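Computed from a predicted structure; not experimentally measured. Here is the naming used below: chain letters follow the sequence lines, and residue numbers restart at 1 for every chain.
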Protein chains: 2
Amino acid sequence: MKTAQKKVTIRDVAQRAGVSYGTVSRYLNGNDHVSQDASDRIAAAIDELKYTPNRAARSLAQQRTSTVALIIQVESNETIVQSSVSEAMAGANQTLGDAGYQMVTLIANTEDSTRRIAQLVRSDFADGYLLFSLSNDDSLANTFLGVDRPVVRSEISDRGDLPYPAVDFANADGQRNVTRYLLNKGRDALVYVCGPGYSPSSVNRLEGFKQAMGERFDERQVYYADDWEITSGEMAAVEFQPMLDHINGFVCANDNIAVGVINQLTRFGYRVPEDIAVTGFDDSPLAIMANPKLTTVRQDSISHGRVMAELLLAMMRGEQVEDHYVRLLPTSIVERESA
Amino acid sequence: MKTAQKKVTIRDVAQRAGVSYGTVSRYLNGNDHVSQDASDRIAAAIDELKYTPNRAARSLAQQRTSTVALIIQVESNETIVQSSVSEAMAGANQTLGDAGYQMVTLIANTEDSTRRIAQLVRSDFADGYLLFSLSNDDSLANTFLGVDRPVVRSEISDRGDLPYPAVDFANADGQRNVTRYLLNKGRDALVYVCGPGYSPSSVNRLEGFKQAMGERFDERQVYYADDWEITSGEMAAVEFQPMLDHINGFVCANDNIAVGVINQLTRFGYRVPEDIAVTGFDDSPLAIMANPKLTTVRQDSISHGRVMAELLLAMMRGEQVEDHYVRLLPTSIVERESA
DNA sequence: CTGTTAGCGCATTCAG
DNA sequence: CTGAATGCGCTAACAG
């Protein structure tokens, strides 16, 4: 049923409207002076011909794409089901859209796709980049060093050679505050379940715990997990089993781990929070599904995305941002049942 | 530190290599005959100059973009945390990448973004489209009617005017099978918790239940939920409370709902599965986190994405696909604890 | 206010 | 096998 309707170009519109195509271009790009009469005729022609400017041609002439790429780098073959990422995407999408940019997201989850995306970036695919590194592999970040387009990262990097600004949560503050919250409730025998070592967030959250514990901190109080998953929480609880009678609180690096700890503690016959309190981090959907419901540290991921987008927009506007600039977003404690 | 290195073009490479830029173009596009000598020099020049072809220019000249857009349409401001979508994305990304296409995903979650994406599509943004409609609003699909690019949908549509092929799971079969599984186990007093009415999957799953029940089916056995969430499952259990003593099985439209049912049943003092069996659908990560672990219908979402991509690739290759073509993917029962 | 012109960077004829 | 010429569809600078 497809009438192979020849591609309608700006010239067709011009002809139909009885003006030169330069005028149509001016009309399309808003600004300049086009007579009311011409405008009307052009508008009519565009409508009748169902004309839409060709994107590639416009990008080529303008040297800009009006798109921003959100790149998510994850471990090989892992899928992205983190609500925080999804929410950040929504926040960024909204902000960028309002500013006239189309956000497109790219997933780098294999060596191939990473290489392909690196190539894409070098070919001027987008006007700016939002970079989410959920993995240890930071290789993609280097790609941007040779590219003259602004980049904003979603977490502070421990690599000093990457100058890109970052927007992240005040992870240390959050974990410090919730640890103090436990201490103030008389929970004086705390242990910590740390996230994977490669993650800056993980490191920072542990740091917060240390700060709150001060003198009392002891390396034997912490279990180092390999990932952020529930099973890691279960393993941590098993690891601490011998001393469980002398422990009255678990501070966990995230909600998943906290749920794992609770599950295992329950199996061992301990009551949460009566015997042992447990706190999470993220306030993920899991937090309210857990039993008991998790007391956790909330972060507003939507505004994470929004703030990243705003920073990027400013940079694309030409505003200078100092190297290694970091913007930290606040967190808050959500009191539920587990602590 | 950015040395505003002038954009290096194909001409720079040609000059550096001592050939005309037509030759470089030929070299880049693989095919034709370029002497070994020239090839070597060009390769060297490209390397030294760190040349990467400009994307917009190439698209313009070639009339193709080498990208495929995966468009996700969701309810206003909802975020996408469905593991099935995430997995399908990964599967499609892999397949498309192997075929030389870059997959980019676009999110349509507001009226604005939907309009913007419609515009994008009409401007020849990509060579093909993968369309995931997670929402009632199917407006975006119409956009493609005027576009001469292949489209593949992720679920069968109930709208006859949309001719695009679709790849979906055999939802009816899956639900029929798991219902029979319960019946065979002697669970003869079943009720059904249906998903939101706007979803084709939801309708099809209900149909499967009806098929398995045959004569025994009774409208009073089904609760119609408004969404796919846990709370809907809880509400369903509350709704059925008066007759709970005479029910020995819940067949649920998805895992979330099943978890909600289990939670509420537990609160009411019923044991799952001893008193009442409960089944889910999707085999989402939630299924193994539930207590008891969910018996559910598994669907391989990664291959969902892969098959969609393969179909799209075939269409982009020029293969004809009949209107309303539907490819149904098999499901399987995963026996765990809840039934 | 509007028509004309010269590129944007590359693919692709067509000669040679 | 390779150089030169055209055009993809549009923007922007320049005259008028």
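Atom CG in L28(A) sits about 14 Å away from atom C1' in dA12(D), given to the nearest Å. Between Y27(B) atom OH and dC10(C) atom C1' the separation is 17 Å, expressed in whole Å. Remark: P of dC10(C) and CG of D124(A) are 10 Å apart, rounded to the nearest angstrom. For the pair D40(B) CG and dC1(D) P, the computed distance is 14 Å after rounding to whole Å. Separating the CZ atom of R64(A) from the P atom of dC8(C) is a distance of 19 Å, rounded to the nearest angstrom.
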With a cut-off of 3.5 Å and sequence neighbours excluded, list every side-chain donor-acceptor pair involving residues 38-47 of chain B.
{"from": "S39(B)", "atom 1": "OG", "to": "S35(B)", "atom 2": "O", "distance (Å)": "3.0"}
{"from": "D40(B)", "atom 1": "OD1", "to": "Q36(B)", "atom 2": "NE2", "distance (Å)": "3.0"}
{"from": "R41(B)", "atom 1": "NE", "to": "A17(B)", "atom 2": "O", "distance (Å)": "2.8"}
{"from": "R41(B)", "atom 1": "NH1", "to": "D37(B)", "atom 2": "OD2", "distance (Å)": "2.6"}
{"from": "R41(B)", "atom 1": "NH2", "to": "A17(B)", "atom 2": "O", "distance (Å)": "3.1"}

Going by atom type alone, with no hydrogens or angles, which donor-acceptor pairs under 3.5 Å involve a side-chain atom of residues 116-126 of chain B and a protein atom two or more places apart or on another chain?
{"from": "R116(B)", "atom 1": "NH1", "to": "Q102(A)", "atom 2": "OE1", "distance (Å)": "3.3"}
{"from": "Q119(B)", "atom 1": "OE1", "to": "R122(B)", "atom 2": "NH1", "distance (Å)": "3.2"}
{"from": "S123(B)", "atom 1": "OG", "to": "L120(B)", "atom 2": "O", "distance (Å)": "2.7"}
{"from": "D124(B)", "atom 1": "OD1", "to": "R149(B)", "atom 2": "NE", "distance (Å)": "3.3"}
{"from": "D124(B)", "atom 1": "OD1", "to": "R149(B)", "atom 2": "NH2", "distance (Å)": "3.4"}

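Other residues, nucleotides and ligands contribute more than 12 heavy atoms inside 6.0 Å of the CD atom of Q62(B).
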Salt bridge (charged side-chain N to carboxylate O under 4.0 Å, His left out) for E111(B) and R115(B)? Distances and angles first, verdict last.
CA-CA 6 Å; E111(B) 215 174 295; R115(B) 192 155 17 78; 5.1 Å; no
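Between the side chain of S301(B) and the backbone N or O of H304(B) there is no donor-acceptor pair closer than 3.5 Å. Checked by atom type and distance alone, the side chain of D127(B) pairs as donor or acceptor with a backbone atom of T65(B) at under 3.5 Å.
In this view, T105(A) and L70(A), M89(A), M103(A), T105(B) satisfy the side-chain contact (heavy atoms from CB on, under 4.5 Å) rule, not counting sequence neighbours. Residues meeting the salt bridge (charged side-chain N to carboxylate O under 4.0 Å, His left out) test with R11(B), sequence neighbours left out: none.
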Where protein sits on nucleotides 3-9 of chain D, one letter per nucleotide: B base, S sugar-phosphate only, - none, heavy atoms under 4.0 Å:
BBBBBBB
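Comparing the start and finish of the helix from dC1(C)-dG16(D) to dG16(C)-dC1(D), five pairs each, the helix axis swings through 40°, to the nearest 10 degrees.
Within the 4.0 angstrom heavy-atom criterion, only backbone atoms of the sugar-phosphate kind lie near S35(A); the bases stay farther away.
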